[in-house]
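All of these numbers come straight from a predicted model, not from anything done at the bench.
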Amino acid sequence: MKMTPLAAAIAALAFTSSFAVADEPRSGGTINTIIQPEPPGLVLGMIQNDPTRKVAGNIYEGLLRYTTDLEPIPQLAESWEVSDDGLVYTFHLREGVLWHDGEPFTAADVVFSADEFHRELNPSARAVLQHVESIEAEDDHTVVFTLSEPFGPFLLSFEAGTFTMVPKHLYEGTDFRDNEHNSHPIGTGPFKFHNWDRGTVIELVRFDDYYEEDLPYLDGINWHVIPDGASRAVAYENGTVDVLPNGTVENFDIPRLTAMDNTCVTEEGHEYFSPFAMLWMNNREGPTADKRFRQAVMYAMDREFARDVLWNGLGEVPLSSFGSNARFRHDGLDPYDHNPDRARELLEEMGYDNEEVRLLPLPYGETWTRWAEAVQQNLREVGINVRTQSTDVGGWNQRLSEWDYDLAFTFLFQYGDPALGITRSYLSDNIERGSPWNNVGGYENERVDELFNEAATAFPDEEREALYHEAQEIIHEDVPVGWLLELGFPTIYRCDVQDLVTSGVGVNDGFRDAWLDR
């Protein structure tokens with residue numbers, strides 16, 4: 001990847017800041033940060049978009065956390081064993097864990113969360129659960145998952161946003177989407193929900209009965225909602241906020257902000273997610289149902305311009321459907337370079353008749369708006385009649401969930417292993433109205449289904465690689481989605497905010513360990 005001056009500066013600053021010497025952690029203080037855009041809700045598992053994960057990852061927890069090397073570490077499960085045949089996973093839960101309403105967390109909550117809540121609502125968890133034959137509570141603190149066949153990445157699937165633990169006593173027997181507790185989420189995490197002043201701030205406060213001794217150190221976190229990008233940058237400059245999570249300021253403001261005194265920056269904390277920007281293409285009807293049109297879109301887009309100019313050199317242009325951090329990526333595929341002439345040839349070959357195509361931007365700030373404008377210009381230059389239809393976050397969620405679009409920006413997490421984060425976008429049995437995080441494009445290919453399903457449980461890794469390579473070759477030809485950019489996401493923060501990023505999911509669970517050296 002070509003490294004711009006900004007990317008080089010961030011790398012250097014991250015390196016030097018990692019050697020800062022801190023005192024012993026101390027308790028007290030509230031961190032002010034920003035959430036952009038305002039999330040549509042805070043119930044993880046039911047809602048999986050990035051703003052929800054950032055805030056609610058400090059309210060809810062999973063059985064495991066993960067290091068920046070993606071090694072599992074204890075969270076609600078303090079230990080676990082795997083049978084020799086790779087079929088039985090036994091989790092030993094921490095004792096003395098309480099929900100924020102004071103009720104005890106038990107193995108019954110794990111069974112309910114996985115077997116009922118997530119099977120109904122969560123496409124990411126469902127992709128894992130299809131390999132699970134049974135989930136049983138042996139006692140209040142022991143849960144046994146029995147798989148129907150070995151599934152190599154199973155232990156990577158228990159992060160809070162993917163396998164959220166939800167309270168059985170509040171959700172069992174209810175309409176999950178209409179449950180009264182959705183407006184006041186109850187988790188087991190280090191912080192509990194206090195108040196949501198819509199359009200202004202989401203306030204979390206310390207959970208005094210948290211099971212980890214001395215944690216959290218902070219009294220609370222205030223997630224400020226500031227719609228204007230320039231105002232978000234000013235809020236950091238004038239000291240109103242202490243932490244700028246990824247995506248909260250526009251990329252063109254990053255060089256100025258990272259040059260300020262008492263400012264640190266890191267790109268760590270996204271190893272688990274590997275955020276991957278894509279352009280959904282409706283495979284069901286209209287011009288986008290023709291793979292030649294979808295190929296033309298890929299050739300028309302100038303993705304290097306988007307990386308170098310709009311994202312200041314942060315990130316990497318992906319070769320195909322598997323990002324560079326994904327296991328088993330096929331590096332032998334021919335890239336879709338910026339080639340407007342080839343795009344025009346494909347459009348002429350298919351007989352494209354100037355039918356209008358609707359482009360739905362991602363409403364996450366000015367950088368994304370500019371990106372949609374750049375793509376619109378690229379497409380118009382090759383003769384595609386494209387019209388942008390902007391909406392807010394709620395409208396974006398609804399439009400994708402109802403398949404009411406032709407082209408639409410999104411970014412999804414790849415989760416390290418293709419069976420966890422990539423497969424869901426291409427499997428035909430993951431096509432279902434009501435979610436913007438499954439196979440929204442409606443892509444159906446029987447052979448790809450076979451390959452992905454077989455690869456998920458194949459052994460050894462050489463066999464998985466061969467299957468995934470064949471699947472990538474087919475997908476590369478079919479272009480069911482447009483592969484835009486592996487996103488580079490810096491987190492900017494005051495240097496007196498200590499231990500902010502301590503896992504592979506960054507600020508999504510980082511405030512549990514954070515403290516203020518003031």
Heavy-atom closest pair, residues P153 and A456: CD-O, 4.3 Å
N/O donor-acceptor pair under 3.5 Å between E268 side chain and T68 backbone: no
Closest heavy-atom pair and its distance - L215, Y217: CD2-CE1, 3.3 Å
Donor-acceptor under 3.5 Å (N246 side chain, P490 main chain): no
Whether over 12 other heavy atoms sit under 6.0 Å from E366 CD: yes
Polar side-chain atom of N312 near backbone of L314 as donor-acceptor pair, under 3.5 Å: no
Within the 6.0 Å centroid threshold, strictly below: F328 and F322: no
Residue pair S320 / Y336, side-chain heavy-atom distance below 4.5 Å: no
Heavy-atom side-chain contact between L121 and R177 under 4.5 Å: yes
Pair D85, S83: side-chain N/O donor-acceptor within cut-off below 3.5 Å: yes
Closest contact, heavy atoms only, R303 versus P318: NH1-O, 3.1 Å
Aromatic ring pairing F145/F158, orientation class (parallel under 30°, perpendicular over 60°, tilted between): perpendicular
Plane angle bin for F409 and W368 - parallel if under 30°, tilted between 30 and 60°, otherwise perpendicular: perpendicular
Steps toward side-chain contact (heavy atoms from CB on, under 4.5 Å) verdict (F91, L76): CA-CA 9 Å; F91 292 91; L76 288 171; over 6 Å; no
Residues S324, R329; criterion side-chain contact (heavy atoms from CB on, under 4.5 Å); working and verdict: CA-CA 7 Å; S324 57; R329 186 174 84 154; 4.0 Å; yes
Axial cation check for Y236 ring with R494, 6.0 Å and 45° limits: yes
Any donor-acceptor N or O pair under 3.5 Å, side chains E81, H92: yes
E316 side, atom CD; E304 side, atom CD - distance, nearest 0.5 Å: 11.0 Å
Ring centroid separation Y272 to Y415 under 6.0 Å: yes
Ring center gap for H100 and F207 short of 6.0 angstrom: yes
Parallel, tilted or perpendicular: rings of F511 and W223 (30°, 60°): perpendicular
Main-chain N/O of I31 paired with D242 side-chain donor or acceptor, under 3.5 Å: no
Heavy-atom pair with the smallest gap, counting every atom of Y60 and L42: CE1-O, 3.2 Å
T410, N397, L400 screened by side chain to side chain contact (heavy atoms under 4.5 Å, CB included) with W437, the one that passes: N397
Any donor-acceptor N or O pair under 3.5 Å, side chains D461, Y468: no
Aromatic plane relationship, F151 with F154 - under 30° parallel, 30 to 60° tilted, over 60° perpendicular: perpendicular
Side-chain donor-acceptor contact under 3.5 Å, N49 with T52: yes
V82 side chain reached by L155 side chain, heavy atoms, under 4.5 Å: yes
D109 (side chain) donor-acceptor with T106 (main chain) under 3.5 angstrom: yes
Expected output: side-chain E250 to main-chain D253 donor-acceptor under 3.5 Å: no
Exercise: do N438 and N430 side chains pair donor with acceptor under 3.5 Å: no
Heavy-atom side-chain contact between V128 and F163 under 4.5 Å: yes
side-chain contact (heavy atoms from CB on, under 4.5 Å) evaluation trace for I135 with V143: CA-CA 7 Å; I135 309 170; V143 181; 3.9 Å; yes
Non-hydrogen side-chain atoms of E203 and T30 separated by less than 4.5 Å: no
Residue pair Q36 / G365: nearest heavy atoms and the distance that separates them: NE2-N, 3.8 Å
Min side-chain heavy-atom separation S425-V481 under 4.5 Å: no
Test log, rule side-chain contact (heavy atoms from CB on, under 4.5 Å), inputs D417 and L70: CA-CA 10 Å; D417 192 284; L70 302 187; over 6 Å; no
Minimum side-chain heavy-atom gap F273-R53 below 4.5 Å: yes
Residues E78 and Y211: side-chain donor-acceptor under 3.5 angstrom: no
Donor-acceptor side-chain pairing of Q414 and N325 below 3.5 angstrom: no
From CA spacing to verdict: ring pair (Phe, Tyr, Trp, His ring centres under 6.0 Å), Y171, F112: CA-CA 9 Å; Y171 280 90; F112 170 78; 7.2 Å; no
Interatomic distance, L310 atom CG to F252 atom CZ [nearest 0.5 angstrom]: 10.0 Å
V110 and M165, any side-chain heavy atoms less than 4.5 Å apart: yes
Donor-acceptor contact below 3.5 Å, side chain D69 vs main chain E71: no
Parallel, tilted or perpendicular, as decided by the 30° and 60° cut-offs, for the rings of W311 and F489: tilted
Check: T248 main-chain N/O paired with R232 side-chain donor or acceptor under 3.5 Å: yes
H270 side-chain N/O to G488 backbone N/O, donor-acceptor pair under 3.5 Å: no
Sidechain-backbone polar pair: Q472 side chain, E470 backbone, donor-acceptor under 3.5 Å: no
Contact summary for R94 and P74, nearest pair of heavy atoms: NH2-CB, 3.8 Å
E61 and T188: side chain donor to acceptor below 3.5 Å: yes
